[in-house]
Amino acid sequence: MDELLTDFLTESHEHLETVDRQMVEFESNPSNVDILRNVFRLLHTIKGTCGFLGLPRLEAVAHAGETLLGRLRDGAPATPATVTLILEVIDRIKMILEALASTGREPDGDNSDLINALDCASAMADPSGTAGSGQARDMAADRASARAPRHGEASLNDLERAFRETEGPGLAAPPLPEPGPMPRPAPVADDSSEARLGNQTIRVQIGALDHLLTMVSELVLTRNQLIEIARREDDQHFKLPLQRLSHITAELQAGVMKTRMQPIGIAWNKLPRLVRDLSAELGKKIDLVMDGAETELDRQVLELIKDPLMHMVRNSADHGIEHPAERLAKGKSETGRIRLSAGQEGGAITIRIADDGKGLDITRIRAKALQAGLASAAELDRMADAQVTRLILHAGFSTATSVSSVSGRGVGMDVVKSNMDAIGGTIDITSEPDRGTTFSVKIPLTLAIVSVLIVTVAEQRYALPQAAVREVVRVRPGGAHALETVNGASVLRLCERLVPVVTLSSLLQAGNGAPGTGFVVVIQCGQQQFGLLVDAVLQTEEIVVKPLNSGLKSIALFSGNTILGDGAVVLILDANGLARLIGNIEADDWTTEGGASPSPDADDASETILVFQCGGAVKAVPLSLVTRLEEIDAGRIEQVSGRPIVQYRGRLMPIIRASEAMRLPESGLQPLVIFSDGQRSMGMAVEAILDIVTQPVDIDFSDHETGVLGTAVISGRATEMVDLAHYLTLAYPDWLAMPRGGAQATPSRVLLVEQSDFLREMLLPVIRAAGHTPVPCTSLSEALAALDARADIGMIVVDVENDASGGLDLVKALAGLPRHRQVPVIGLVSIPHPDLAARAHAVGLGELVAKFDRPALLAALRRAPAGMLEAA
Amino acid sequence: MIAQPAETSPLAATHVDGGAEFAYVAMEIGGQTFGLPINDVHEVFSVNRITPVPLAPPMVTGLINLRGRVVTAICLRTLLGMDKTPGRRDRMAVGVESGREPFALLVESIGDVIRLQASTLEPCPVHIGAAWRAVSQGVYRLETGIIVILDLKQTLGTLQRAA
């Protein structure tokens, strides 16, 4: 491209940025002659240069704009409409300049629409007495009579002075002071200081700076190598010069980093214009206040936060600030305020975008999240408000009820979130109804140098950014920390938390190391915490991040690569990529819906057990009995006639404490283990859910307190097996007499005929505890089939209360089966009833036991094989 | 259609009989001689240490530190669909660049620079296989055998498509 054209483009671009910002200010402060001078000068320069370079389209626009400015000089008021037109001129010029930059030619098309509008405005504003200018002249006359200018008007004197002091048009205009490579948003009236600054700066290609940084980084690495060698060789000659080299390198690095720093004000340049346009479009009155524009950030970071900032300011204007009438009704000032502030806090930059608007509508966010399927009603219920507000960062979330052209298209905050994630930044949201919302964004000072943890997997080294690393835990089977598995997935118990663990070698498909041995690096990524099992953790290092080859960018696990001190290339693991990958692997939650879980195979002694803590003891219950695990807000627990209940899924559910020693908390989250049977549910309040384990359960049956079936060793710990029947009758005295649904059976030695899945599950461990192998059946026909198939049934436990299971009929039928005539039968009833006892006796059933009376059942089971019970 | 080598090549000298001459770096992969236009070749080097990239397309052998630049190493043997000879690693590399990104094409050995007359470039035989046809500009008949001319853009494009 023509060098002249390139210079022209660069220069014009810089001026346009400044003018854009200043025009907005001019509108509210029309007496500022410097701004007018700047705009005027820009249009003159462009117009003149265009003629010289042969750019007729640009020249025409600049000319029309200049004419309108000329009218302002003649006394026309600077109304918002005029300012809008001038801003449009600037936009159009930008558009044409962009096309020029990319193609080297003016784009096709014409500007007659804009030029007509400008001409029209110029004619309207013409105070010299031509068409329709009477009013304008009157106003000019008003101002001439020394009336103080109103908002939106400039005093005639000021305007005239502005144009007197402005250099004339044409190419002869002296070159403008240039803001240099690090333009600082200087106060408007401070033109002269900017000029002085201009003399001390030079324009440098960004590529040159980037290259310089790369080279310095290499220098740092080479120095590290040298130091390494010198240490090995132990040569005193090297020591001093090496020390000097080390010093110089460090200083050089700092210096080069500094050249890449830019004030954040550069990213804010476009915002005043944005807010101005938005307020016009939305019919709101908004002030934008900016603090700390001089805060410096790495150029690369600055580029990445530009768009997110724009989104957030846009959101504040659209969703946050109310309409003037609404604000007045609330007793606030008519004009809303958005305050942008930036400052350095530790090694990070914090940017705040605060508005004094209506605050986030938590109720609407909840409703919207539910509608968009971001969370279930139950999950939403137990979320704190602060957690709910974070939902707005999810993709596909927007609460604006109508889709405006400004926001409400479901993009915005999730874009912000992902951009922030990309640079290792975080977002915090605080909101107060009618007081406003504040977004705090914390971002690292620079991306170029990152502190990483070097880990090895399958003999390869990988770098893991330390910002994401919470802790490192050494694991080995039998050690202080050991990995446990739940359904094949590894978990690590860590300070009362259960952290999902993934093996890095399997993620990388790089073969398997020793299972369960190595180091777990616990990574925090947003709300997600997970562990990464690696073979070894070597050291931490400061590295220079280099981008991945574009052909490899599709591998989500890596965010870049780097060269270590020994010259080897290592890949940098991306914590966000890992988190996403794990999110897909990880099961949604632990729930086992009623009926969905298969009955434990009677031949397989392993059972899946839920372990929890309560009243200082570790207790367990078969997971197959559990319907759901929930955490509810303790505030939702109500007391009805002295008993705690909670509204759960539209019903009232009694809450039973798993231990008398336990107290229900007054606030915070209360974990509940929920048991359901048909329409009834009970919540067992526990202190903490510890684990889910699958292992053979050998219940040691000896005397225990009520509510405890026995003890078993689970995960190496003595654990009390909960006698669920005890708790169920606490919740519903008649629970065990309810009608049930059916299921399946597997052959073995004690035939258990019980129609209810729930009771059957509960009785199976009791039968096992008494040393028998249960054969569960659900109905009379099933029981008869089982008896027919097997000769080795030693005992029958049968529900004789529910007619549907036909318990008494079974007892009658037994008499007709030669093989099983002698088999003892225990009848189960919910409440022993004289009438029922009589009927049982009539068919020859000798023993009746209450279903929830575990000791009695166990006693009967023990007695029966000894032949103490005789069938009729 | 055969992509013609750039006519503006400074190395394309005018021959006595008026035909343009092109220079190629000859290299050997799996017993076959290939040529790469010399303008595409930045350097030739031997490879010491390669960092493998898990989950990458199979033709990516790994990453190499070439004087402080991270270079992506491409195994031409895999790219061309040849069997990987067990126990044998290609240790010579041709440094090239595509879209300002550096690549190293791993080959068995690197030969001389061959100057050939542009007019004698022939289209690829139709039956040499799609993988080869996709990445070659054509072939030359030499006294010692056939040399297949690789098209750098097409060759590296295979990676972009695989990723």
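Each chain gets a letter, A, B and so on, in the order the sequences are listed, and its residues count up from 1.
By the neighbour-count criterion of 12 heavy atoms within 6.0 Å, atom NE2 of A:His211 is sparsely surrounded, having that number or fewer from other residues, nucleotides or ligands. Within 6.0 Å of atom CD in A:Glu251, 12 or fewer heavy atoms from other residues, nucleotides or ligands are found, so the atom counts as exposed in its surroundings. The 12-atom threshold is not exceeded at CZ of A:Phe238, counting heavy atoms of other residues, nucleotides or ligands nearer than 6.0 Å. Around CZ of B:Arg141, the count of heavy atoms belonging to other residues, nucleotides or ligands within 6.0 Å does not exceed 12. Heavy-atom contacts from other residues, nucleotides or ligands closer than 6.0 Å to CD of A:Gln466 number more than 12.
Going from atom CD1 of A:Ile563 over to atom CD1 of B:Ile64 covers 11.0 Å, rounded to the nearest 0.5 Å.
Counting heavy atoms from C-beta outward, B:Pro54 and A:Leu571 have side chains that approach closer than 4.5 Å.
Residue B:Pro52 touches chain A through both its backbone and its side chain, counting heavy-atom pairs closer than 4.5 Å. In this structure, no portion of B:Leu156 lies under 4.5 Å from any heavy atom of chain A. Of the two parts of B:Val60, only the side chain, counted from C-beta on, holds a non-hydrogen atom closer than 4.5 Å to a non-hydrogen atom of chain A.
Here the shortest heavy-atom pairing between A:Leu552 and B:Ala56 reads CD2-CB, 3.8 Å. Taking each heavy atom of B:Glu101 and A:Leu548 in turn, the nearest pair found is OE2-O, 4.0 Å.
Applying side-chain contact (heavy atoms from CB on, under 4.5 Å) to A:Asn561 and the options B:Thr72, B:Val70, B:Thr51, B:Val53 leaves one that passes, B:Val70.
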